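Model, not experiment: these values are computed from the prediction. Just so you know, these numbers use all the heavy atoms, side chains as well, and skip hydrogens, waters and symmetry mates.
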Amino acid sequence: MRIATWNVNSIRARAERIGAWLDRSDADVLAIQELKCKDSQFPHEIFDERGYEVAFHGLDQWNGVAIASRIGLDDVEIGFDEMPGFGKESAVEARAISAVAGGVRVYSLYVPNGREVDHPHYTYKLEWLEKLRAVAAARLAADGDERFVLTGDFNVAPLDEDVWDMEAFDGATHVSDRERAAFQALVDAGLTETSRPFTPGPGVYTFWDYQRLRFPKKEGMRIDFQLASPALSQTATAAMIDREERKGKGASDHAPVIVDYDV
DNA sequence: ATGACCGCGCTACGCGGA
């Protein structure tokens with residue numbers, strides 16, 4: 001099965017491109033982040049027309065996550081256990097959804113940005129990742145043979161080579177020690193990132209800022225990943241980052257990250 | 001060509017993104 005994850009940066013602004021991408025990608029499952037719409041505005045037709053079932057969760061114009069599948073979509077869960085909220089009333093945001101497709105529980109995750117190191121949003125990001133780790137660890141403890149994968153926009157660049165210039169990121173979020181430790185904790189819990197072995201760096205990215213000609217200058221960041229459980233990760237056979245999708249007018253600032261699993 | 005982002009919402013400019 002082919003699983004893709006893609007931060008689309010508005011599903012309504014991108015609907016046509018997403019449909020065209022589904023037509024050529026051969027993806028069985030697509031995890032989507034940054035819908036930027038509430039449930040009542042979700043353009044489910046683009047999935048219905050192509051034979052994909054779709055589950056989505058959007059509360060307002062921010063965040064929003066979805067999973068589309070053409071191989072079944074069962075046991076949909078919104079959020080995850082003890083997922084932290086943010087703001088005055090600690091509101092839980094639309095940053096996580098999961099469902100079982102083809103015997104695999106696929107998570108679509110939009111990790112908080114963090115904004116600035118030590119900003120309240122940064123603390124929120126670290127707590128969010130820690131609670132996510134606890135969920136993954138609990139799943140593995142309950143059933144070490146379970147096939148599941150945490151996919152999405154992690155908003156962390158784990159390695160120095162995952163940004164085009166570390167000097168440009170001095171003191172910035174995404175590369176700080178604590179964010180990298182939070183990502184590494186997911187790996188230490190037993191998960192394996194399945195796209196990198198097939199798409200080695202340096203100079204391989206999943207995001208390019210709209211500003212300052214970052215894409216033509218090949219100045220990007222690798223921040224979108226698939227962290228798979230042992231039973232799933234050992235079946236990974238191929239991966240690609242579809243940077244073609246970043247080209248042209250009306251592209252998202254993120255490219256799809258696609259992994260093939262032999263299940 | 002020495003410029004140069006995009007999407008959203010009580011359609012105007014501030015917020016959020018990274």
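As a member of the Ile/Leu/Val/Met/Phe/Trp/Tyr network built from side-chain separations under 4.5 Å, A:Tyr122 groups with A:Val117, A:Leu126.
Between A:Arg105 and A:Glu77 there is a salt bridge, since at least one side-chain N of the basic residue sits less than 4.0 Å from a carboxylate O of the acidic one. Salt-bridge formation is not detected for the pair A:Arg2/A:Asp28: no Lys NZ or Arg NE/NH1/NH2 atom is positioned less than 4.0 Å from an Asp or Glu carboxylate oxygen. By the 4.0 Å N-to-carboxylate-O rule, A:Arg70 lies too far from A:Glu53 to be salt-bridged with it.
Distances shorter than 4.0 Å separate none of the side-chain N or O atoms of A:Ser10 from OP1 or OP2 on B:dC6. One finds a side-chain N or O of A:Arg14 lying less than 4.0 angstrom from the OP1 or OP2 phosphate oxygen of B:dG7. Phosphate proximity of B:dC6 to A:Arg246: absent, as no side-chain N or O sits under 4.0 Å from OP1 or OP2.
Using a 4.0 Å heavy-atom distance criterion, A:Glu116 is classed as making no nucleic acid contact. Looking at heavy-atom distances under 4.0 Å, A:Arg12 makes contact with sugar-phosphate atoms alone, never a base.
Residue-to-nucleotide proximity on DNA chain B shows that, of A:Leu213 and A:Gln61, the 5′-proximal contact is made by A:Leu213.
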Going by atom type alone, with no hydrogens or angles, which donor-acceptor pairs under 3.5 Å involve a side-chain atom of residues 182-192 of chain A and a protein atom two or more places apart or on another chain?
| residue | atom | partner | partner atom | Å |
| --- | --- | --- | --- | --- |
| A:Gln184 | NE2 | A:Asp188 | OD1 | 2.9 |

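Look at the C1' atom in both B:dA12 and B:dA1: the space between them is 31 Å, to the nearest Å. Taking atom C1' in both B:dG14 and B:dC10, the straight-line distance is 14 Å, to the nearest Å. The separation of B:dG17 from B:dA4, taken at their P atoms, amounts to 25 Å, rounded to a whole angstrom. Taking atom C1' in both B:dG3 and B:dC15, one finds a spacing of 25 Å when rounded to whole Å. Nucleotides B:dA18 and B:dC6 have their P atoms positioned 16 Å apart, rounded to a whole Å.
Between the CH2 atom of A:Trp208 and the C1' atom of B:dA4 there is a distance of 19 Å, given to the nearest Å. The nearest whole Å value for the distance from the CG atom in A:Leu59 to the P atom in B:dC8 is 17 Å. Summarising the geometry, the separation between CG on A:Asp60 and P on B:dC8 is reported as 13 Å, rounded to the nearest angstrom.
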Practice item. Treat primed atoms plus P, OP1 and OP2 as sugar-phosphate and everything else as base, then score nucleotides 12-18 of chain B 5' to 3': B for base contact with protein heavy atoms under 4.0 Å, S for sugar-phosphate contact only, - for none. Key: ---BBBB
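Linking Ile, Leu, Val, Met, Phe, Trp and Tyr whenever their side-chain heavy atoms come within less than 4.5 Å puts A:Val156 and A:Leu132 in one cluster.
Remark: A:Arg222 is not positioned above the aromatic ring of A:Tyr205, lacking an NZ or CZ atom under 6.0 angstrom from the ring centre and at most 45 degrees off the axis.
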